[in-house]
2 protein chains.
Amino acid sequence: MDAVFHALGDATRRHMLRDLAGGERTVGQLAAPFAISLAAASKHIKALEHAGLIRREVRGRTHVCRLEPGPLAAAHAWLGFYERFWTDRLDALDRILRAEDATRSQDKETTDE
Amino acid sequence: MDAVFHALGDATRRHMLRDLAGGERTVGQLAAPFAISLAAASKHIKALEHAGLIRREVRGRTHVCRLEPGPLAAAHAWLGFYERFWTDRLDALDRILRAEDATRSQDKETTDE
DNA sequence: TCCATGCTTAACCGATTGGTTGAATATAGC
DNA sequence: GCTATATTCAACCAATCGGTTAAGCATGGA
């Protein structure tokens with residue numbers, strides 16, 4: 001779990017994962033969008049691999065990477081434990097707003113980020 | 001997002017968050033379970049605060065911390081993007097079929113705290 | 001066979017991390 | 001006012017991080 005969240009804690013690696021959501025990518029393809037050396041990209045990919053987030057298949061001289069969703073599911077589940085805190089809060093906010101608006105016409109949904 | 005995942009990438013801080021799920025905790029209370037100095041715990045708490053994961057209220061000489069679920073919800077949503085990768089049956093079948101090439105069955109389950 | 005390609009490894013660098021200890025700050029209670 | 005308590009701040013340390021450049025390995029293709 002340490003390795004998973006650590007791997008996700010870098011924008012470059014998160015971008016690579018998003019890229020891999022579109023299908024298989026070689027190391028070179030993953031590195032292309034970034035203004036970093038191939039060696040640096042290789043390290044990022046190794047970090048993702050170490051976290052179990054991707055799997056690598058050596059095909060000739062190219063290394064093809066695939067998304068490995070297991071650890072993402074685990075992280076999602078870990079965060080899911082706290083779901084009640086933001087749903088509770090939204091519920092509480094909802095109750096407050098409804099109570100305040102008891103004398104008013106209503107229905108303003110705020111979905112903020 | 002960088003700060004959020006980075007904060008989550010440390011077992012001590014994750015443990016502190018779990019603790020805070022039980023309600024308000026002072027800095028001392030959060031630090032207690034760990035064999036680290038109060039100064040080290042203070043840094044961890046500052047990292048959580050910097051990520052927006054907790055809020056601090058200074059009450060007299062004690063600092064009371066409270067869980068702030070917003071960033072957790074954001075991280076959860078970010079991971080949710082990949083949900084189809086672990087729930088989509090067709091994708092799972094695809095992975096199995098591709099795994100035949102590697103002639104390798106890989107069963108890696110990570111059960112973390 | 002020779003060379004370009006795809007990628008990794010090694011050595012290095014500056015910044016950050018997680019930890020320490022010791023001093024400082026502020027409040028609570030006698 | 002004095003002292004214990006709660007916590008931060010500052011300086012320091014070793015380890016890790018993200019990046020570089022240069023070299024090394026395989027592989028693919030003419």
Side-chain angles (χ1 to χ4, degrees), chain A residues 1-20 23-68 71, chain B residues 1-20 22-68 71 75 101-102 112-113:
Chain A
M1 218 56 193
D2 268 40
V4 174
F5 280 123
H6 172 256
L8 294 178
D10 181 284
T12 300
R13 290 191 286 264
R14 287 200 304 277
H15 191 115
M16 286 178 168
L17 280 187
R18 275 288 149 106
D19 213 358
L20 285 167
E24 288 182 350
R25 296 285 187 272
T26 71
V27 168
Q29 287 173 334
L30 285 175
F34 307 102
I36 59 175
S37 69
L38 207 58
S42 180
K43 286 188 189 177
H44 280 302
I45 291 168
K46 217 160 33 173
L48 290 169
E49 209 175 5
H50 175 249
L53 288 164
I54 68 174
R55 216 178 60 214
R56 178 193 312 237
E57 183 189 339
V58 179
R59 258 181 231 166
R61 65 184 162 182
T62 74
H63 295 204
V64 177
C65 301
R66 282 183 69 77
L67 195 65
E68 200 61 45
Chain B
M1 216 58 190
D2 268 40
V4 174
F5 280 123
H6 172 256
L8 294 178
D10 182 283
T12 300
R13 290 191 287 264
R14 286 200 303 279
H15 191 112
M16 285 177 168
L17 280 186
R18 273 291 148 104
D19 214 358
L20 284 167
E24 289 182 347
R25 296 286 187 272
T26 70
V27 169
Q29 286 172 335
L30 285 174
F34 308 102
I36 59 176
S37 68
L38 208 59
S42 180
K43 286 188 189 177
H44 280 303
I45 291 168
K46 219 160 29 175
L48 291 169
E49 210 175 3
H50 174 249
L53 288 165
I54 68 174
R55 218 177 61 214
R56 180 195 308 240
E57 182 190 341
V58 180
R59 248 180 242 168
R61 66 185 162 181
T62 75
H63 296 205
V64 177
C65 300
R66 184 176 318 162
L67 196 66
E68 199 62 45
D101 285 340
D112 197 41
E113 68 271 14

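Each chain gets a letter, A, B and so on, in the order the sequences are listed, and its residues count up from 1.
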I need the Glu49(A) CD to His63(A) NE2 distance, nearest 0.5 Å.
9.5 Å
Got a second to check how far Met16(B)'s CE is from Arg25(B)'s CZ, nearest 0.5 Å?
12.0 Å
Would you give the length of the straight line joining atom CZ of Arg13(B) to atom CG of Leu30(B), rounded to the nearest 0.5 angstrom?
13.0 Å
Quick one: Asp2(B) CG to dT17(C) C1', roughly how many Å, whole number?
15 Å
Nearest heavy atom decides the nucleotide; on that basis, is Gly60(A) or Ala41(A) closer to the 5' end of DNA chain D?
Ala41(A)
Please report the distance, rounded to the nearest Å, between NZ in Lys46(B) and C1' in dT7(D).
11 Å
For nucleotides 11-19 of chain D, just jot down a letter per nucleotide in 5' to 3' order: B, S or -, based on protein non-hydrogen atoms under 4.0 Å.
B-----SSB
Using whole Å, what does the distance between atom P of nucleotide dT7(D) and atom CD1 of Ile54(B) come to?
12 Å
Whole angstrom value for the distance that separates P of dT9(C) from CD1 of Ile45(A)
12 Å
Side chain to side chain, Leu20(A) and Leu53(A), heavy atoms closer than 4.5 Å
no
Here the distance between atom P of dT21(C) and atom CG of Leu38(B), to the nearest Å, is 12 Å
Would you indicate which nucleotide in dT20(C), dT9(C), dT7(D) comes nearest to any side-chain atom of Ala39(B)?
dT20(C)
Side-chain donor/acceptor contact of Arg61(A) with base of dT5(C) under 3.5 Å:
yes
Tell me: CD of Gln29(B) to P of dT5(D), nearest whole Å?
16 Å
Between P of dG18(C) and CE of Met16(B), the distance in whole Å:
12 Å
